[in-house]
Amino acid sequence: MKTRASLWLILALAATPSPAADVTVLKTPDDGIQPQAVADGSGVVHLVYFKGSSATGDLYYVHTLGDGKTFSKPFRVNSVPGSAVAIGTIRGGQIAVGKGGRVHVAWNGSNNATPANPNGGSPMLYSRLNDAKAAFEPQRNLMRRTTFLDGGGTVAADGEGRVYVAWHAHRPGAPEGEKGRAFFVARSDDDGATFTPERNVLDRPTGACGCCGSKAFADRRGNVYALYRAATDSIDRDIVLLTSADHGDHFAGRTLAPWRINICPMSSLAFAEGPAGVLAAWENDGRVAFARIDPKAGTPGAPIQPSGETKGRKHPTLAVNDRGATLLAWTEGTGWQRGGALAWQVFDADGKPTTDVNRLPGGIPVWSLPTAVTLPDGRFLLIH
């Protein structure tokens with residue numbers, strides 16, 4: 001264990017500042033992949049990442065000790081070894097921090113994961129830090145009514161003890177194929193102790209892109225947001241934005257970014273919150289973009305794209321500091337069983353691109369993607 005802990009310390013100290021001092025770029029500890037990070041109200045960065053076989057691996061959790069560089073000793077999230085999956089990039093662990101700083105993690109279970117989905121297929125698994133914050137509780141499957149889990153699930157939590165785990169899947173009796181998929185949410189009102197059965201939160205059929213991810217987010221006021229890719233008639237693969245102002249009792253759905261294509265692009269999505277509200281990021285046709293969500297109407301503003309060549313950009317991640325500056329990072333050249341480059345750009349409070357644009361060739365391993373958070377002093381931490 002001393003050897004592994006020493007390795008994490010070496011990796012942490014090897015963090016390389018970008019040419020602009022506002023962005024620090026850090027490799028995922030222990031050569032892990034698929035990092036997902038979130039900063040809590042006290043500025044602590046919580047990080048979950050994947051290790052092991054891409055079909056039957058494990059999730060590990062660490063947190064910063066205050067400086068955004070030195071991480072705690074890790075421990076495994078999944079209580080059943082080998083019950084996490086990395087294949088396809090978007091099916092790994094998702095993290096949220098809720099009431100009292102409790103960490104919640106959700107992930108697509110591997111084919112042999114337990115507890116099993118009673119309806120067949122892979123389970124949607126969830127765990128949370130125990131009361132002592134010393135270990136994760138035994139993992140639970142939250143799929144009670146749905147089956148054919150494929151693309152990535154997601155988790156969000158607010159400061160009042162509500163937790164939302166969401167995914168797209170089939171309900172028994174639904175039409176076959178992607179057109180029969182829908183977006184489901186299971187909600188907890190007791191900080192993750194119990195969850196309601198999942199329910200389809202949109203009353204119109206959109207389908208869902210089978211091997212694409214989803215993303216949920218709860219803002220400081222308790223509003224809930226979600227993003228997923230539709231698959232209407234197998235060709236209209238628009239990004240759908242869901243918003244709820246009543247803690248998930250009702251959701252409104254809007255098309256955020258239309259795209260007509262008859263393939264599954266294996267895409268992921270992102271949210272972040274800053275002084276002006278919530279930002280959402282997505283990818284379409286080799287491009288990444290983000291937009292501000294109107295806090296009252298729940299409608300998106302004009303898309304904002306980074307500078308330069310747009311071909312092959314995927315897997316956006318966002319962070320916003322208290323001055324309103326936004327970091328947008330993404331991958332370039334990644335694909336099925338193929339890593340690629342890490343790239344990023346900083347935007348000012350008006351959404352205008354700055355000259356802080358950088359690229360790290362070979363910065364993204366196979367099946368991986370980046371994550372970004374804001375540190376208490378306004379610096380950005382970009383983990384790849």
Side-chain angles (χ1 to χ4, degrees), residues 4 7-8 11 26-37 47-62 74-95 105-117 120-127 136 139 141 143 148-155 167-169 209-215 229 263-270 283 312 314-317 329-342 360-371 383-384:
R4 180 175 286 183
L7 178 59
W8 290 319
L11 288 170
L26 175 67
K27 288 189 65 176
T28 303
D30 199 23
D31 289 327
I33 63 171
Q34 298 183 357
Q36 292 293 293
L47 174 69
V48 64
Y49 59 89
F50 183 96
K51 288 281 294 182
S53 164
S54 59
T56 53
D58 299 302
L59 299 174
Y60 288 90
Y61 164 80
V62 294
F75 47 84
R76 198 176 66 208
V77 175
N78 49 301
S79 55
V80 179
S83 57
V85 60
I87 293 173
T89 306
I90 48 80
R91 298 178 176 91
Q94 299 291 313
I95 188 171
V105 180
W107 69 99
N108 285 44
S110 57
N111 288 335
N112 61 349
T114 56
N117 181 349
S122 301
M124 186 69 222
L125 297 176
Y126 163 84
S127 184
F136 278 83
Q139 63 196 45
N141 167 52
M143 296 181 76
F148 297 124
L149 183 69
D150 188 353
T154 181
V155 61
W167 60 90
H168 54 81
C209 188
C211 59
C212 288
S214 61
K215 199 71 172 180
R229 187 180 295 282
I263 63 169
C264 182
M266 200 172 70
S267 59
S268 60
L269 306 133
E283 58 179 82
K314 292 180 67 65
H315 304 306
T317 185
W330 61 91
T331 70
E332 294 182 352
T334 59
W336 188 259
Q337 295 185 335
R338 186 177 71 244
L342 169 68
L360 179 61
I364 303 296
V366 174
W367 300 135
S368 200
L369 72 176
T371 187
I383 304 173
H384 66 102

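Residue indices begin at 1 and follow the sequence shown.
In this structure, the side chain to side chain contact (heavy atoms under 4.5 Å, CB included) partners of Thr56, at least two apart in sequence or on a different chain, are Ser53, Ser110, Asn112. Partners of Asp58 by side chain to side chain contact (heavy atoms under 4.5 Å, CB included), not counting sequence neighbours, listed by chain and number: Tyr60, Arg76, Asn78, Pro81. Among residues two or more places apart in sequence or in another chain, the side chain to side chain contact (heavy atoms under 4.5 Å, CB included) test is passed with Val105 by Val48, Leu59, Val77, Ile95, Val103, Trp107, Phe136. Residues passing the side-chain hydrogen bond (donor to acceptor under 3.5 Å, both in side chains) test with Ser268, sequence neighbours excluded: His315. With sequence neighbours excluded, the residues satisfying side-chain hydrogen bond (donor to acceptor under 3.5 Å, both in side chains) with Thr334 are Thr331. Applying the side-chain hydrogen bond (donor to acceptor under 3.5 Å, both in side chains) criterion to Trp367, with sequence neighbours excluded, gives no partner residue. Lys314 meets the side-chain hydrogen bond (donor to acceptor under 3.5 Å, both in side chains) test with Glu283; sequence neighbours excluded. In this structure Ala37 satisfies the side chain to side chain contact (heavy atoms under 4.5 Å, CB included) test together with Val45, Leu47, Thr371, Val373, Ile383, sequence neighbours excluded.
Here the closest non-hydrogen pair linking Arg91 and Cys211 is NH2-CB, 3.3 Å. What you find for Ser368 and Pro35 is that their closest heavy atoms are OG-CD, 3.7 Å. Across every non-hydrogen atom of His168 and Cys212, the tightest pair is NE2-O, 2.8 Å. Taking both residues in full, the closest heavy atoms of Ala270 and Lys215 are given as CA-CG, 4.1 Å, listed atom of the first, atom of the second, then distance. The two residues Gly57 and Phe50 have their closest heavy-atom pair at CA-CZ, 3.4 Å. When all heavy atoms of Asn117 and Gly121 are compared, the pair lying nearest together is CB-O, 3.4 Å.
A heavy-atom distance below 4.5 Å is not found between the side chains of Ile90 and Ser267. Considering only heavy atoms from C-beta on, Pro265 comes within 4.5 Å of Cys209 through its side chain.
For Gln34 (side chain) and Thr89 (main-chain N/O), a donor-acceptor pair under 3.5 Å exists by modelled atom type. At least one donor-acceptor pair closer than 3.5 Å links the side chain of Ser214 to the backbone N or O of Gly152.
Sorted by first then second residue, the salt bridge (Lys or Arg N to Asp or Glu O under 4.0 Å) pairs that include residues 332-341, not counting sequence neighbours, are Arg313-Glu332, Glu332-Arg359.
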ask   = Should Trp336 and Ile87 be marked as a side-chain contact (heavy atoms from CB on, under 4.5 Å) after you check the CA-CA gap, both sets of side-chain angles, and the distance that decides it?
value = CA-CA 9 Å; Trp336 188 259; Ile87 293 173; 3.5 Å; yes
message = The test is side-chain contact (heavy atoms from CB on, under 4.5 Å); show your working for Val62 and Tyr49 and say whether it passes.
response = CA-CA 9 Å; Val62 294; Tyr49 59 89; 4.2 Å; yes
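Interatomic distance, Tyr126 OH to Asn141 CG, rounded to the nearest 0.5 Å: 13.5 Å. Separating the CG atom in Asp31 from the NZ atom in Lys51 is a distance of 5.5 Å, to the nearest 0.5 Å. Cys264 contributes atom SG, which lies 7.0 Å from atom CG of Asp150 (distance to the nearest 0.5 angstrom). For the atom pair CG of Leu369 and OG1 of Thr317, the computed distance is 7.5 Å after rounding to the nearest 0.5 Å. Atom NE2 in His384 sits 7.0 Å away from atom CG in Leu26 (nearest 0.5 Å). A distance of 5.0 Å separates CG of Leu125 from CD of Gln139, quoted to the nearest 0.5 Å.
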